[in-house]
Amino acid sequence: MGDIMILDFICFIILGFIQGITEPIPVSSSGHLLIFQNLIGKGISEIDFGLLATLTNAGSLIAIIILFKEDILNLIHDFFGYIGSKKKSYYPNFKYSLYIILATIPAGIMGLVVTKLGFFDFLEENVKFVGVTLLITAFFLFLIRNIKGRKEKKDISIIDALTVGLFQVVALVPGISRSGATIVGGMTRNFTRETAFKFSFILYIPISVATMILGVKDLFESSLSINLWICYIASAIVAGIFTYIATKWFKKIVEKGNLIYFVWYCLIVGALVILFL
């Protein structure tokens with residue numbers, strides 16, 4: 001492939017797969033990317049992990065938008081429809097949209113602070129911290145594993161939305177799963193499993209769009225060869241495909257109340273990272 005070796009291309013594909021498969025499930029995509037980066041070491045000099053994160057995140061975002069397109073279109077239609085007409089039938093989705101916006105604000109503000117100050121830059125040399133945070137993720141998933149909840153979409157309150165938003169702030173720490181944190185937040189507020197799942201993934205969209213906007217600068221500043229662009233785009237496509245597959249699978253897991261699988265996974269991977277990396 002010219003200026004890039006086939007081994008490097010394979011690494012791009014693997015990283016896209018890791019992002020895609022771990023983004024929607026409660027095991028932390030950022031934590032897993034850090035673990036893999038540590039495993040391959042500094043030998044793959046061609047990979048700009050910041051740029052890669054931006055593009056694979058875009059792939060995952062597109063997959064989530066496709067999966068929830070009907071919900072998104074209904075929310076947009078009813079949000080602006082209520083503003084224009086004040087029809088009562090539009091109000092439930094108008095209110096739900098406001099709660100999504102409200103829940104996005106805490107992580108949006110803290111995300112800017114974390115990025116600006118580089119709070120987690122030390123993790124590039126301290127991957128064991130990711131092992132610890134995976135154990136924390138396992139602990140909280142264990143606590144809510146049997147909760148069924150009673151609150152439906154129409155029952156969500158301002159306090160509920162803010163609570164889930166604050167849980168999303170915690171997920172800024174690599175190794176703390178975003179989907180896991182927000183679903184735990186919803187379950188602690190007595191959401192049904194389906195309500196917690198959907199609120200978590202609709203909430204993912206604005207925070208992911210914001211992350212992409214922040215990463216646009218990296219795209220314009222990069223001076224990549226055509227072959228490297230192919231690798232990055234291939235990684236993003238792989239991320240999108242596996243995000244789509246993993247999200248549909250995870251929905252079934254949540255509905256059946258089988259989060260214990262992820263408790264064991266986070267425990268095992270977290271322990272292995274602490275002991276051997």
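What's counted below: heavy atoms across the whole structure, side chains too, no hydrogens, waters or symmetry copies.
Nearest heavy-atom pair, Ala161 versus Leu102, reported as atom, atom and distance to 0.1 Å: CB-CD2, 4.3 Å. Contact record, Ser177 with Ala171: O-CB, 3.8 Å, taken as the closest heavy-atom pair. Closest non-hydrogen pair, Leu267 versus Ala138, comes out as CG-CB, 3.8 Å. Annotation for Thr163 and Gly185: closest pair CG2-O, 4.3 Å, computed over non-hydrogen atoms. Nearest heavy atom pair, residue Thr243 against residue Pro24, reads O-CG, 3.9 Å. A pairwise comparison of heavy atoms in Phe140 and Val184 identifies O-CG2, 4.0 Å as the closest pair.
Lys153 forms a cation-pi arrangement with Tyr96, by the criterion of a distance under 6.0 Å to the ring centre and an angle within 45° of the ring axis. For the pair Lys87 and Tyr90, the distance from NZ or CZ to the six-membered ring centre is under 6.0 Å and the angle to the ring normal is within 45 degrees.
Ring geometry for Tyr82 against Phe94 counts as tilted: the plane angle lies between 30° and 60°, on a 0 to 90° scale. Under the 30°/60° scheme for interplanar angles, the aromatic rings of Tyr265 and His32 are found to lie parallel.
Ring-centre distance between Phe250 and Phe262: below the 6.0 Å cut-off.
More than 12 non-hydrogen atoms from other residues, nucleotides or ligands lie less than 6.0 angstrom from CZ of Phe68. Within a 6.0 Å sphere centred on NZ of Lys128, other residues, nucleotides and ligands contribute more than 12 heavy atoms. Annotation for Phe79: atom CZ counts as buried by contact number, over 12 foreign heavy atoms lying within 6.0 Å. Atom CD1 of Ile158 is surrounded by 12 or fewer heavy atoms from other residues, nucleotides or ligands within 6.0 Å. Residue Lys86 qualifies as enclosed at atom NZ: its count of foreign heavy atoms under 6.0 Å is above 12.
The CZ atom of Arg145 sits 10.5 Å away from atom CG of Leu259, with the distance rounded to the nearest 0.5 Å. Rounded to the nearest 0.5 angstrom, Asn57 CG and Leu33 CG are separated by 10.5 Å. Note that the OG atom of Ser157 and the CG atom of Leu162 stand 8.5 Å from one another [nearest 0.5 Å]. To the nearest 0.5 Å, atom CD1 of residue Ile65 and atom CG of residue Asp71 are 12.5 Å apart. Taken from CD1 in Ile83 to CZ in Phe80, the straight-line distance is 5.5 Å, to the nearest 0.5 Å. Between the OG atom of Ser235 and the CG atom of Leu15 there is a distance of 6.0 Å, given to the nearest 0.5 Å.
The hydrophobic clustering, which links ILVMFWY residues whose side-chain heavy atoms are closer than 4.5 Å, places Leu166 and Val173 apart. With hydrophobic clusters built from ILVMFWY side chains whose heavy atoms lie under 4.5 angstrom apart, Leu98 shares a cluster with Ile76. There is no path of hydrophobic side-chain contacts, each under 4.5 Å, that joins Val263 to Ile268. Linking ILVMFWY residues whenever their side-chain heavy atoms come closer than 4.5 Å, directly or via other members, places Phe199 and Ile205 in the same cluster. Neither Ile109 nor Phe167 shares a network with the other; the hydrophobic side chains, linked directly or stepwise wherever heavy atoms of I, L, V, M, F, W or Y lie under 4.5 Å apart, form separate groups for each.
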Passes ring-ring contact (aromatic ring centres under 6.0 Å, His included), Phe197 versus Phe191? Steps please. CA-CA 9 Å; Phe197 176 86; Phe191 287 13; over 10 Å; no

Go through the steps to decide whether Ser200 and Thr182 satisfy the test side-chain hydrogen bond (donor to acceptor under 3.5 Å, both in side chains), and finish with yes or no. CA-CA 6 Å; Ser200 171; Thr182 50; 2.6 Å; yes

When you look at Trp249 and Ile25, which way does the side-chain contact (heavy atoms from CB on, under 4.5 Å) test go after all the steps? CA-CA 9 Å; Trp249 172 68; Ile25 64 177; 4.0 Å; yes

Would Leu143 and Thr188 count as a side-chain contact (heavy atoms from CB on, under 4.5 Å) here? Give the steps. CA-CA 9 Å; Leu143 290 181; Thr188 61; over 6 Å; no

side-chain contact (heavy atoms from CB on, under 4.5 Å) assessment of Ile233 paired with Leu55: CA-CA 7 Å; Ile233 292 170; Leu55 291 172; 5.6 Å; no

Show, in sequence, the C-alpha distance, side-chain angles and deciding distance for Thr104 and Ile101, and conclude whether the side-chain contact (heavy atoms from CB on, under 4.5 Å) test is met. CA-CA 5 Å; Thr104 302; Ile101 294 169; 5.6 Å; no

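Side-chain contact between Ser29 and Gln19: present, with at least one pair of heavy atoms (C-beta onward) separated by less than 4.5 Å. Residues Phe12 and Leu228 meet the side-chain proximity criterion, which asks for heavy atoms closer than 4.5 Å. Between Ile35 and Ile18, every side-chain heavy-atom pair lies at or beyond the 4.5 Å cut-off. Side-chain contact between Ser28 and Ile176 is absent, with no heavy atoms from C-beta onward closer than 4.5 Å.
No hydrogens or angles considered: nothing links the side chains of Ser60 and Glu23 as a donor-acceptor pair under 3.5 Å.
Residue pairs that meet the salt bridge (charged side-chain N to carboxylate O under 4.0 Å, His left out) test with at least one member in residues 169-196, sequence neighbours left out, are Asp160-Arg189.
Between the side chain of Thr195 and the backbone N or O of Lys151, at least one donor-acceptor pair lies under 3.5 Å.
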